[in-house]
Asker: 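The structure under discussion is supplied below as structure tokens; questions concerning it will follow.
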Amino acid sequence: MANKKSEMIKIKLVKSLIGSNEKQRRVVKGLGLSKKDQVVEHASTPTILGMVNKVSHLVEIVK
């Protein structure tokens with residue numbers, strides 16, 4: 001089997017969680033984000049991309 005390195009993406013929390021519902025807060029926490037302007041790095045998997053899509057108004061993908 002070939003060892004395939006997955007592409008990494010950086011996710012930044014750009015808006016506060018104040019006013020968001022509990023499901024959105026759980027998704028953001030699941031991504032490892034807790035404070036505004038915090039950046040985390042994850043592998044670009046369908047699961048992570050789906051989570052980013054759910055809270056796309058709160059986070060952005062940074063290069």
Side-chain angles (χ1 to χ4, degrees):
M1 284 176 110
N3 218 357
K4 199 174 187 184
K5 186 175 179 181
S6 62
E7 185 178 335
M8 300 297 282
I9 57 170
K10 291 182 180 181
I11 304 165
K12 180 178 181 180
L13 184 61
V14 293
K15 289 200 176 180
S16 173
L17 295 177
I18 296 173
S20 61
N21 64 29
E22 188 61 31
K23 284 185 180 183
Q24 293 169 343
R25 289 176 193 227
R26 287 184 183 186
V27 170
V28 170
K29 186 172 182 175
L31 287 170
L33 296 165
S34 59
K35 296 181 179 180
K36 187 175 176 286
D37 295 327
Q38 182 181 6
V39 178
V40 293
E41 192 169 353
H42 286 287
S44 180
T45 62
T47 304
I48 296 296
L49 294 176
M51 292 171 78
V52 169
N53 192 34
K54 285 284 187 185
V55 291
S56 61
H57 58 288
L58 299 173
V59 300
E60 71 179 16
I61 296 179
V62 185
K63 290 291 176 176

Asker: Taking transitive links into account, so neighbours of neighbours count too, which hydrophobic residues share a cluster with L58 at under 4.5 Å side-chain distance?
Answerer: I9, I11, L13, L17, V27, V28, L31, L33, V40, I48, L49, M51, V52, V55, V59, I61

Asker: Could you work out, with side chain to side chain contact (heavy atoms under 4.5 Å, CB included) as the rule, every residue matching D37, not counting sequence neighbours?
Answerer: K12

Asker: Going by salt bridge (charged side-chain N to carboxylate O under 4.0 Å, His left out), name the residues that satisfy it together with R25, two or more places apart in sequence or in a different chain.
Answerer: none

Asker: Does any pair with a residue in residues 38-56 pass side chain to side chain donor-acceptor pair (under 3.5 Å), and if so which ones, sequence neighbours excluded?
Answerer: S34-Q38

